[in-house]
Protein chains: 2
Amino acid sequence: MKKKTTIYDIAKELNITVSTVSRALSGFPAISESTRQSVIDVAKRLNYSPNKLASALKSGKTYIVGVIVPSVQAHFFASIIHSIEEGLKDSGYRIILYQSNESVENEIKGVKTLLEAQVDGIMASMSLETNEVSHFQEIINQNKPLILFDRISPKLKVPTVTLNDFRAGFLATQHLIDQGYKRIAFVTTIHQIQIFNDRLEGYREAMKVNNLPVNEAQLIFGGLSIKDGRYGAGRLLRGDNMPDAIIAGDDFTALGVIKKLKEVNLVPPKIGVIGFANEAFSAYITPSLSTVDQHPNQMGQDCAELFLQMIKQDNPYDDIRNVILEPTIVERQSTEL
Amino acid sequence: MKKKTTIYDIAKELNITVSTVSRALSGFPAISESTRQSVIDVAKRLNYSPNKLASALKSGKTYIVGVIVPSVQAHFFASIIHSIEEGLKDSGYRIILYQSNESVENEIKGVKTLLEAQVDGIMASMSLETNEVSHFQEIINQNKPLILFDRISPKLKVPTVTLNDFRAGFLATQHLIDQGYKRIAFVTTIHQIQIFNDRLEGYREAMKVNNLPVNEAQLIFGGLSIKDGRYGAGRLLRGDNMPDAIIAGDDFTALGVIKKLKEVNLVPPKIGVIGFANEAFSAYITPSLSTVDQHPNQMGQDCAELFLQMIKQDNPYDDIRNVILEPTIVERQSTEL
DNA sequence: TTGAAAGCGCTAACAT
DNA sequence: ATGTTAGCGCTTTCAA
């Protein structure tokens, strides 16, 4: 391995100084076209590759944004990440990904790691476990942009991009009611995450305006996963006054619910099932799953925009915007009574 | 925003020098327990957070590994990433993700970006478009570990982790034959990627040892996606001597094939369908999809191990190991004649 | 056990 | 248009 070329090597080669080289390479205007060209030529010949670490250390800007998500395995988050990248790429910002795997501990470690890596800002969606948010506060203290999306906390006064989750819960419920379902159960998470509470409230509201009773025994609080869906459905089947429809906390949970229902020959839409997130598989399972589209691509795009705006301001938290997207119902077979 | 605390602030506070602070913080042995403790106390009090950029610049090690994958949206790659993280975390290495989105151009940009960010090594799975591999050569020239997984190139003499893809193709075919299928078609990619060629060769071999003819008109070379699967199945249906089973290049393609077959009432297993990768949805579609498990978790773990071994050696390319995993057939309804 | 000092590769204010 | 120079925050050799 030959030692890496630096701007000093280029400077020596051309008998000029490093500052000239630096300027030539970074597109500084006040420089003669001929020097610029020769610098670029020599750089190419010596196979020069800039050390962004050094430049970042000096300039204080890494052009890297940290993104923290519960998991990339959910199509929902994968899509958001994709559009964040898309929305950022023209401005030269890159992202570095950190997965919390739904653990606060990992999330705290993530914030720490990203901050130590001197990222220029952080975008995050919280883990299910997250109650306490002081680790995020540190980002704000450093006056670096923090943007929360989807799973946010009201304790943090930062720009956010979310779905109107109350409305999402309302629409999902109203859709079931419109299809003729009446005894509607809800299988959701036990964790105190705002968006899940909002959805539940939306559900209550829809039941109320339609003069339908909410059977509190049919609100199942557990986890969100295929397994939890099976379990939740099982409990509902064993209870009195069986529901005729089930709203599941997300599409994975809905999948578990459906599996359980199939086993006891109550294949949807015999019992209606609707989920949230419009996962990749939801259109392809049988029966296909009705769900609520949360517009991940729009979310990612908005995150990117908010970030770009924040770094333009002298104080990123001068003008805190909270973007709220409207959910869309995706009607499929599982609710097609 | 108060200025960030540095080791100088801590040093001043305690009337010692930065070198002592640095040593105290990095677990240097020859230091008195009392100084170490007071340094740690003050660091905490001043809310010190190390600048890894500076430390990396000086030490030449970022403890970051770049990972390049075609897309995180495929469960297969998401699983690999997850186990790479898992396998690396005890050694203090973090990963930064780069998606090529199946474009060579992006892939080249990815290598460049990661190298400029001074990552300590790179793990990559190539885009479908990649033929020319000189951009990867640069990593080797810098004497940094490069590990290729799944989609590799024989042009690069580096450690690899792959599936025995010849065997995968063979087993998939043999499975169909064992189920009683005889006229077996293959829908795969037009791109010259080794693993896809190997699978095709495995298929040919299995047909041969079973004395079954290969109908060259029933080898469809196109893309790999739901859309491509539909298209491929369509072409096969319109041809003479319709196949009684179809091997699809991956599970997404298989999904497209199944959708098309359902439309014409040839629901698998009436026509057998098998895919590759055991995607998340494959168990849940109807009929559930038989597929080839490529052991992504094992792959990720092996990548991490190879990397850890490479950085331990003085020359990372001293002892090039090529790990080959054995595929496993996952039998489901789509081939259950 | 601790200190002094050089320097990683780059940028940018100031000077010419 | 180009040069000089002082760091960014840290690690590490050498000396004490």
Side-chain angles (χ1 to χ4, degrees), chain A residues 1-40 42-43 46-64 92 115-120 142 144, chain B residues 1-40 42-43 46-64 92 115-120 142 144:
Chain A
M1 165 180 61
K2 6 170 214 304
K3 259 180 93 65
K4 282 202 60 181
T5 354
T6 71
I7 50 174
Y8 280 90
D9 301 320
I10 302 178
K12 201 177 298 168
E13 190 87 5
L14 289 166
N15 270 316
I16 55 179
T17 59
V18 286
S19 26
T20 309
V21 176
S22 171
R23 287 191 273 253
L25 256 21
S26 61
F28 190 77
I31 206 169
S32 81
E33 191 45 50
S34 67
T35 18
R36 183 199 309 290
Q37 199 48 58
S38 45
V39 166
I40 291 176
V42 174
L46 297 185
N47 198 18
Y48 171 73
S49 162
N51 185 331
K52 295 279 164 128
L53 246 45
S55 123
L57 178 60
K58 178 66 196 175
S59 70
K61 294 177 74 41
T62 54
Y63 288 95
I64 293 179
L115 247 20
E116 291 181 356
Q118 312 299 121
V119 294
D120 289 348
Q142 293 194 13
K144 288 187 173 172
Chain B
M1 165 180 62
K2 8 170 212 310
K3 260 179 92 63
K4 282 201 59 180
T5 343
T6 71
I7 50 173
Y8 280 89
D9 302 319
I10 302 178
K12 201 177 297 168
E13 190 87 4
L14 289 167
N15 270 316
I16 55 179
T17 59
V18 286
S19 20
T20 308
V21 176
S22 171
R23 286 192 272 253
L25 256 20
S26 62
F28 190 78
I31 205 167
S32 80
E33 193 45 50
S34 67
T35 16
R36 181 197 313 288
Q37 199 49 56
S38 44
V39 166
I40 290 174
V42 174
L46 297 186
N47 199 16
Y48 171 74
S49 162
N51 185 332
K52 294 280 164 133
L53 246 44
S55 121
L57 179 60
K58 180 65 196 173
S59 69
K61 295 178 72 43
T62 54
Y63 287 96
I64 294 179
L115 247 21
E116 290 181 357
Q118 311 300 118
V119 295
D120 289 348
Q142 294 194 13
K144 287 186 173 171

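Every chain is numbered from 1 and lettered A, B, ... according to where its sequence line falls, protein lines coming before strand lines.
Among the protein residues, T6(A) comes within range of the sugar-phosphate backbone only, with heavy atoms under 4.0 Å from sugar or phosphate atoms but none that close to a base.
Atom-to-atom, OH of Y48(B) to P of dG9(D) comes out at 10 Å; the value is rounded to the nearest Å. Spacing between atom CD of E116(A) and atom P of dG9(D) amounts to 15 Å, rounded to whole angstrom units. Rounded to an integer number of Å, the gap from CD1 of I16(A) to C1' of dT16(C) is 17 Å. In this structure, L14(B) atom CG and dT2(C) atom P are separated by 11 Å, rounded to whole Å. Rounded to a whole Å, the CG atom of D9(A) is 13 Å from the C1' atom of dC10(C).
With hydrogens and angles left out, the side chain of Y8(B) and the base of dC8(D) share no donor-acceptor pair within 3.5 Å.
Not counting sequence neighbours, the partners of V119(B) by the side-chain contact (heavy atoms from CB on, under 4.5 Å) test are I64(B), L114(B), I122(B). Not a single side chain to side chain donor-acceptor pair (under 3.5 Å) links S49(B) to another residue, sequence neighbours left out. For E13(A), the side chain to side chain donor-acceptor pair (under 3.5 Å) test picks out R45(A), with sequence neighbours left out. Remark: Y63(A) pairs with Y93(A) by the ring-ring contact (aromatic ring centres under 6.0 Å, His included) rule, at least two apart or across chains. In this structure K58(A) satisfies the salt bridge (charged side-chain N to carboxylate O under 4.0 Å, His left out) test with no other residue, sequence neighbours excluded. Taking T62(A) as the reference, D120(A) meet the side chain to side chain donor-acceptor pair (under 3.5 Å) condition, with sequence neighbours excluded. Remark: S26(B) pairs with no residue by the side chain to side chain donor-acceptor pair (under 3.5 Å) rule, at least two apart or across chains.
Residue pairs meeting the salt bridge (charged side-chain N to carboxylate O under 4.0 Å, His left out) criterion with at least one member in residues 23-32 of chain B, sequence neighbours excluded, do not occur.
Within a 6.0 Å radius of NZ in K12(A), no more than 12 heavy atoms belonging to other residues, nucleotides or ligands are found.
Sorted by residue number, the members of residues 50-63 of chain B with any non-hydrogen atom under 4.0 Å from DNA chain C read L57(B), K58(B). For DNA chain D, the residues of residues 19-39 of chain B within the heavy-atom distance limit of 4.0 Å (strictly under) are S19(B), S22(B), R23(B), sorted by number.
What you find for Y48(B) and T5(B) is that their closest heavy atoms are CD1-O, 3.3 Å.
Counting heavy atoms from C-beta outward, L14(A) and T20(A) have side chains that stay 4.5 Å or more apart.
Comparing the axis of the opening five pairs of the helix from dT1(C)-dA16(D) to dT16(C)-dA1(D) with that of the closing five pairs yields an angle of 30°, rounded to 10°.
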